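First comes the structure, then the notes that go with it.
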Protein chains: 2
Amino acid sequence: MTPPSSKSARRPRRPRPADLKPHEVELAQFFVRMAGILGVPRSVAEIYALLYGSSQPLDFDRIQARLGMSKGSVSQGLRFLRDHGMILSVRAAGSRRERWQPTPSLATSLVNLLRSQVLPALEQSTPALRRVLEAATADGASPEVLDRLGRLNRWNGRALELAPLLLPPPEA
Amino acid sequence: MTPPSSKSARRPRRPRPADLKPHEVELAQFFVRMAGILGVPRSVAEIYALLYGSSQPLDFDRIQARLGMSKGSVSQGLRFLRDHGMILSVRAAGSRRERWQPTPSLATSLVNLLRSQVLPALEQSTPALRRVLEAATADGASPEVLDRLGRLNRWNGRALELAPLLLPPPEA
DNA sequence: GTCATACTTCAGATTTTTTTGAACAATGAC
DNA sequence: GTCATTGTTCAAAAAAATCTGAAGTATGAC
């Protein structure tokens with residue numbers, strides 16, 4: 001039965017030795033499921049979920065302790081979330097320690113995430129798709145195939161034009 | 001440097017012993033990249049790309065031969081594409097052999113794919129998210145957290161309402 | 001300037017996904 | 001009805017993604 005793919009049909013997972021309340025676990029499961037669709041790893045989703053459900057900003061050590069996760073994973077997870085504009089840090093005076101919280105708009109965070117995944121793929125594709133169309137033309141491909149490939153090229157171009165409008169680029 | 005995630009930073013791949021023209025390879029790479037974003041396996045994307053660039057419908061054996069892929073992968077890949085309404089088969093009279101071609105609308109195919117991934121996740125989440133909000137309320141979470149969780153619940157509900165409108169369900 | 005703190009790095013271990021192929025099942029041409 | 005053809009299944013192998021933790025680096029409190 002198991003289809004060859006799609007994150008849908010996943011095996012049960014080894015539970016992490018986390019120290020979470022039941023509703024924190026459910027929130028984490030929600031974010032893990034959604035993150036899976038975009039190929040974001042479990043550990044990253046768990047960190048985000050923990051921060052999302054927390055009334056206070058949390059520091060590195062507390063995140064590690066509550067999720068029962070290695071330092072490496074916490075470090076990389078926080079970096080990913082930070083780089084995608086999904087979390088912010090605050091620092092208490094007289095301490096080097098950073099404390100993290102989710103950025104106010106989850107919607108913006110999601111769009112950032114999508115952009116960062118889709119845009120590079122589209123950019124890489126532009127010249128390749130043009131070459132494919134040219135080669136197929138030279139090859140005497142059927143009108144139907146040429147039509148398909150033409151549409152693909154136009155889609156790619158339009159998607160690239162639209163992308164910057166969807167939301168202001170990384171800065172700004 | 002390698003981020004903890006995102007399909008972006010992938011290692012080089014073992015080339016498949018395929019027998020494709022250069023432009024067919026580039027088309028396959030495009031579909032593989034895009035499929036990767038949605039977690040669709042390489043083999044499935046390669047099959048789709050081959051059909052997409054082909055002037056004639058192709059049969060099982062020809063797909064296997066051109067892509068240098070196992071029977072199992074071809075079978076599972078075709079099943080996935082068929083189940084998601086992305087390919088159609090035609091049969092020549094007097095032969096059991098099916099020959100495959102992409103469905104006319106790639107856009108529709110993509111929406112089908114997205115639906116099949118996102119909808120089940122949303123449905124599973126509805127009761128869980130409600131429980132999370134209730135538990136947090138009982139727990140005396142901060143107004144800010146309650147606000148976040150409330151928004152999450154509303155998003156989920158709206159997404160579920162919208163989904164059926166996006167495109168007619170599997171049948172119809 | 002010193003150095004303990006706070007994180008980062010990355011090679012290897014682990015987990016999960018994907019692919020393979022040999023055994024098996026279904027079907028329609030005859 | 002028979003059986004070669006066509007495709008499926010699934011356990012095991014291979015590949016890929018993710019996680020770990022010990023060693024290393026950077027920084028700001030003092």
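The structure displayed is predicted, hence computed values, not measured ones. Here is how names work: the chains are called A, B, and so on, in the same order as the sequence lines, proteins then strands, and each is numbered from 1.
When the C1' atom of D/dT6 is taken as reference, atom CG of B/Leu58 falls 16 Å away, rounded to whole Å. At whole-Å resolution of the value, CZ in B/Phe60 and P in C/dA25 are 17 Å apart. Between the CZ atom of A/Arg42 and the P atom of D/dA16 there is a distance of 23 Å, given to the nearest Å. Here the C1' atom of nucleotide C/dC7 and the CG atom of A/Leu81 are 16 Å apart, to the nearest Å.
In this view, B/Asp147 and B/Arg151 satisfy the salt bridge (charged side-chain N to carboxylate O under 4.0 Å, His left out) rule, not counting sequence neighbours. Here A/Tyr52 pairs with A/Phe31, A/Tyr48 under the ring-ring contact (aromatic ring centres under 6.0 Å, His included) rule; sequence neighbours left out. Judged as a salt bridge (charged side-chain N to carboxylate O under 4.0 Å, His left out), and not counting sequence neighbours, B/Lys71 has no contacts. Scored by the salt bridge (charged side-chain N to carboxylate O under 4.0 Å, His left out) test, B/Arg154 finds no partners at all (sequence neighbours excluded).
The side chain of B/Ser70 places no N or O atom within less than 4.0 Å of a non-bridging phosphate oxygen (OP1 or OP2) of C/dG21. For B/Arg82, a side-chain nitrogen or oxygen approaches OP1 or OP2 of D/dT8 to under 4.0 Å. Contact check, B/Ser73 against C/dT20: a side-chain N or O comes under 4.0 Å of OP1 or OP2.
Listed by first and then second residue, the salt bridge (Lys or Arg N to Asp or Glu O under 4.0 Å) pairs that reach into residues 92-109 of chain B are B/Asp59-B/Arg97, B/Asp61-B/Arg97, sequence neighbours excluded.
Nucleic acid contact for A/Arg99: none, since no nucleic acid atom lies under 4.0 Å from a heavy atom of the residue.
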Restricting both atoms to N or O, compile the protein contacts to nucleotides 27-30 of chain D shorter than 3.5 Å, with distance only.
{"unit_1": "D/dT27", "atom_1": "O2", "unit_2": "A/Arg96", "atom_2": "NE", "d": "3.4"}
{"unit_1": "D/dT27", "atom_1": "O2", "unit_2": "A/Arg96", "atom_2": "NH1", "d": "2.6"}
{"unit_1": "D/dT27", "atom_1": "O2", "unit_2": "A/Arg96", "atom_2": "NH2", "d": "3.1"}

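With contacts defined as side-chain heavy-atom distances shorter than 4.5 Å, the pair A/Leu149/A/Thr137 does not qualify.
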